[in-house]
Colleague: 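This is the structure I want to talk about, given as structure tokens.
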Amino acid sequence: MTRITAPELSPSPPDSPPPARRSPAPATPPSRRRRPSPSPSLALTPSSASTSTTSSRPRPRPSPKRTYSPAQWVPVSSHPAFALRGALGGGGAAWDAAGSRLYVWDPSARGAHRVSVRIRDAEAERDGEEVAVEAAVPSEMLMPETDLGYEVTHISLNTDGSSLLLAGSHNINVLYVHERVSEDGDTIICRTAPVASQILPTNNNGIKVLQTSWHPFSSSHFGVLTSDAVFRLFDLSFDLEQPEQEFYLQPILPGRCQNASSICPVAFSYGSDHLWDRFSVFILFSDGSIFVLCPVVPFGCDYSKKHIEEIYEDVNTFGLKSSNPNVVTNSHLAIAWLEATFPELLRQSADSSTLMSRARAYAPVDDSLTLQGPLCRVCEENNELEGKSSSCEGKAVGFVYSSVGKDSVLVTAWGSGQLQIDALADEIQPQWSIGVPTRLNVDSHGRIKSVAMICDSNPQDSSALRSHRSSSMGSNAKSNTEAVWMGHSPPLLRLSIVDLALPKTSNGSSLSLFLDPLVPERFYCAHGGGLDMVTLHFLPFSYPEMASTPPSVHPVLTTGNSDTSSPFLSGFVAIADAYGHVQLVGITYTGECFVVEMKGWKEPTPLQLDICSKDIKDVESSTTGMISKELLAGPDPPILPSSTSLRSLTPDSIEGKSTLHHYIKVFHEHYVEYGHKVFIELKEHEDYVKTEIEDKQKRLQAVKQSLLSIEAKDEEINRRVERASKVYDLLEKRIESFKMLPAANKKPLSQAELEFKSQLDRFADVELDALRTSIAALSTRMKRFTQPSLGGGATGTGMAPWQAPKAGRGHVSESQMSLMKSSLERLSLLNEENNQKLRVIETELKNKEQQ
């Protein structure tokens, strides 16, 4: 059942507000606790000078105690935080399940509204009503202590609700919710700190922030994907300037790049709680290719000890006992990483009360992670790699990962309005590039503080996967196990391609994907035309019996906007309440808020209201029902004796007078009293009848005025019809003249010409933008590494501690400088050549069209 807004409720009395029944929040596991601050000895080392400066926090000034007034509960859509927003624009929304609070960024106030929300079960009070989402009035406004200087496009809250990420297109800041600098009524000034200010440019030019997201197993770690193809993992409790882990993505080997879109990342998604998926990061590039980094673990976060032991036992059981040397080598690397990251595996402790295992800072010195991919897609029917006919058009714009039972589902959104749904055909396994060293930053005690590595793709991976056949899955358990540990990336099994039938635009549609918090088989897609819900019915390992059932798509909201290139929502959250339902709360770019309720597996039905479908009998009954039925039926006729007995009586006799008196009494009871009742009834309805007559007279006058206006416009309409007929005749003559032109007899484009034209369109839409992005990122990186040192050390240049130049040498060697300059020159020349080719091709096409 779908509900757009919650029903209106009377405000609670000030002295006794109604108790709030909030939705239950999952208990925060120990893995989501913040890492303890580094020891003072680490802050005194030279390499951590910038860290000590960043991690030192000013003591907040004391503020007077606030006086809290009783809250009034109103529907979320009617809250003043949304009704008073005047500026257009977005900023996003975030949901705090533990505190039952909604955070909404206000671009006009340049602050975040913190609104307390409750889910009220109206069925407990009144029968027949639905669950209502209500918000408390007044709400709080969280303001940064300094002006950010950029437009916030996305906000994200960590798992414990203590830190709020404020991300823009080129900048990131962290707002500490509980560290208050000052207060003024409901306005709270909170401490704010910038993130990676030395890496991200301050002039909003060059490196762009593509996506920021908190790690699901840590409340202090968040990942940042930038346009220079680098994935960085920051630790909020340690250092906000230098990343804890830095991965330079190399999806294509140098000199082998054919499409610029294949080296431009778009989005990433963390794996879920399933075997090695919990240590994986999935990265999507603009050409639709998907890569995997495994293992990636935040330092100091906690994982379930039971799951770690399950993975460890699986490697020892199946990997080490194989006869294939490659399988044994990869198994040894995985075991060494597990034992170094989780030392509890080597200590057979008898204490079974320890449920969590903390990850230690570790990275192999001589090996780096392999960028697994691109993940190849195989068909289930013919067991072959899918061709170009089944691929989507445009460029990839969105990505999300979901773990459903035994399956790992990857959903890719394309700018053409299509959703590509795939599932992993095998398990994700860790992979390292042997002989590619990792750069480590250690303190004076030899403990790892940060890691950086170059992640190259395996050139033999795609060729090895072409021999994979999905029909062999499950046929031979031993061969399948060895195939998993051979060091090849798992293939993707195509589940479906969903076409949302969005209008075609020149810039492509903007699509965003959101997961359902209760039903993992369900996700939502927001676009310029509204909001759609997609439900998966077939999964290869969880629901194999539903192979013939395609995904179901149901529109939740429709805007009727034909321009789908601009996004419709600025913020969207899915709230799981205590009654097994999901409340969808969305904020549009115009500042409006809507609420849609999703009840379990029930599909949403469109709200239909037909006010013209009343029956005539219903109208008559409502009109005639104003006078009682007894009066309309008339008086009951009296029972009279036979006329023969009355003829024998005389009026002067005693019996005649008695009979006459009796009939007079009967007449009075049946007719006089009925007439009196009718008189009173008509008198009471005099005002109503008078109002009805006046209303009918007004409507009659309005109809007469309409008839007069129609008669006056009749001549004008006739003239317009005559003019339209003349224009129609003129157009017919012009069409006949156009048919005589030589271009009208030209042949349609052949299949080869159509394919060539589609390649040109793709090059103009995707490749040129990707080339410009790559050139801008390289230029920014070169400027950052060649700028003069301000402090004489690595901190002034913005370089990591392991990249600090040696004494007596320049910051960058001449060979590196010449290599970077030559690369830029080659890129610029390639761009110019491509532009010249495009001009020549366009000229040839115009000449052909004119012939």
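One is the number of the first residue; the rest follow in order along the sequence. The figures that follow rest on heavy atoms only: side chains count, while hydrogens, waters and symmetry mates do not.
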Colleague: Short question: side chain of Thr159, backbone of Phe217 - any donor-acceptor pair under 3.5 Å?
Modeller: no
Colleague: Centres of the Tyr524 and Phe514 rings: under 6.0 Å?
Modeller: no
Colleague: With a 3.5 Å cut-off and no angle check, do the side chains of Glu521 and His537 form a donor-acceptor pair?
Modeller: no
Colleague: Just wondering, do Leu513 and Leu419 contact through their side chains at under 4.5 Å, heavy atoms?
Modeller: yes
Colleague: With a 4.5 Å cut-off on side-chain heavy atoms, are Val174 and Ser163 touching?
Modeller: yes
Colleague: Can you tell me if Asp277 and Ser272 form a side-chain donor-acceptor pair at under 3.5 Å?
Modeller: no
Colleague: For Pro251, is there any backbone N or O sitting under 3.5 Å from a side-chain donor or acceptor partner on Ser457?
Modeller: yes
Colleague: Is any side-chain heavy atom of Leu424 closer than 4.5 Å to a side-chain heavy atom of Leu375?
Modeller: yes
Colleague: Is the ring pair Phe291/Phe285 parallel, tilted or perpendicular, if the boundaries are 30 and 60 degrees?
Modeller: perpendicular
Colleague: Side chains of Ile497 and Arg494: does their closest heavy-atom pair fall under 4.5 Å?
Modeller: yes
Colleague: For Asp422, is there an ion pair with Arg377 - N to carboxylate O distance below 4.0 angstrom?
Modeller: yes
Colleague: Is the distance between the ring centroids of Phe268 and Phe231 under 6.0 Å?
Modeller: yes
Colleague: For Ser280 versus Ile428, what's the shortest heavy-atom pair and its separation?
Modeller: OG-CG2, 3.3 Å
Colleague: Which class fits the ring pair Trp276 and Phe279: parallel under 30°, tilted 30 to 60°, perpendicular over 60°?
Modeller: perpendicular
Colleague: Closer than 3.5 angstrom, by distance alone: can the side chain of Tyr103 be matched with the main-chain N or O of Gly92 as a donor-acceptor pair?
Modeller: no
Colleague: Does Asp235 reach the main-chain N or O of His221 with its side chain, forming a donor-acceptor pair under 3.5 Å?
Modeller: no
Colleague: Determine whether a donor-acceptor pair (N or O, by modelled atom type, separation under 3.5 Å) exists between the side chain of Thr588 and the backbone of Leu569.
Modeller: no
Colleague: Evaluate side chain to side chain contact (heavy atoms under 4.5 Å, CB included) for Leu492 paired with Leu410, printing each intermediate quantity in order.
Modeller: CA-CA 9 Å; Leu492 293 176; Leu410 304 176; 3.7 Å; yes
Colleague: Report the C-alpha distance between Leu584 and Met598 in whole Å, list the side-chain angles of each, state the deciding distance to 0.1 Å, and finish with yes or no for side chain to side chain contact (heavy atoms under 4.5 Å, CB included).
Modeller: CA-CA 8 Å; Leu584 306 181; Met598 310 298 297; 3.8 Å; yes
Colleague: What's the shortest heavy-atom distance between Leu500 and Cys525, and which atoms?
Modeller: CD1-SG, 3.7 Å
Colleague: Between Asn158 and His215, is there a side-chain donor-acceptor contact under 3.5 Å, judged purely by atom types and distance?
Modeller: no
Colleague: Using modelled atom types only, decide if a donor and an acceptor are shared between the side chain of Glu246 and the backbone of Ile454 within a distance under 3.5 Å.
Modeller: no
Colleague: Closest heavy-atom contact between Gln245 and Val297?
Modeller: NE2-O, 2.7 Å
Colleague: Begin from the C-alpha positions of Ile587 and Phe572 and carry the test side chain to side chain contact (heavy atoms under 4.5 Å, CB included) through to its verdict.
Modeller: CA-CA 6 Å; Ile587 297 95; Phe572 180 84; over 6 Å; no
Colleague: Centre-to-centre under 6.0 Å for Phe234 and Phe222, is that the case here?
Modeller: yes
Colleague: Which heavy atom in Ala229 sits nearest to a heavy atom in Pro265, and how many Å separate them?
Modeller: CA-CG, 3.8 Å
Colleague: Before you tell me yes or no, could you show the steps for Ile199 and Thr226 under side chain to side chain contact (heavy atoms under 4.5 Å, CB included), namely the whole-Å CA-CA distance, both residues' side-chain angles and the distance that decides it to 0.1 Å?
Modeller: CA-CA 10 Å; Ile199 299 175; Thr226 52; over 6 Å; no
Colleague: Check whether any side-chain N or O of Ser489 sits under 3.5 Å from a backbone N or O of Gly373 as a donor-acceptor pair, and report yes or no.
Modeller: yes
Colleague: Under 3.5 Å, is there a donor-acceptor pair between the Tyr150 and Ser169 side chains?
Modeller: no
Colleague: What's the shortest heavy-atom distance between Lys406 and Ser542, and which atoms?
Modeller: N-OG, 3.0 Å
Colleague: For Thr370 and Ser433, test the side chains for any donor-to-acceptor distance below 3.5 angstrom and give the result as yes or no.
Modeller: yes
Colleague: Where is the tightest heavy-atom contact between Asp287 and Trp414, given as atom of each residue plus distance?
Modeller: O-CH2, 3.5 Å
Colleague: Using a 3.5 Å distance criterion without hydrogens, assess whether the side chain of Asp516 forms a donor-acceptor pair with backbone atoms of Leu518.
Modeller: yes
Colleague: Could you tell me if Tyr543 and Glu545 have a donor-acceptor pair between their side chains, going purely by distance under 3.5 Å?
Modeller: no
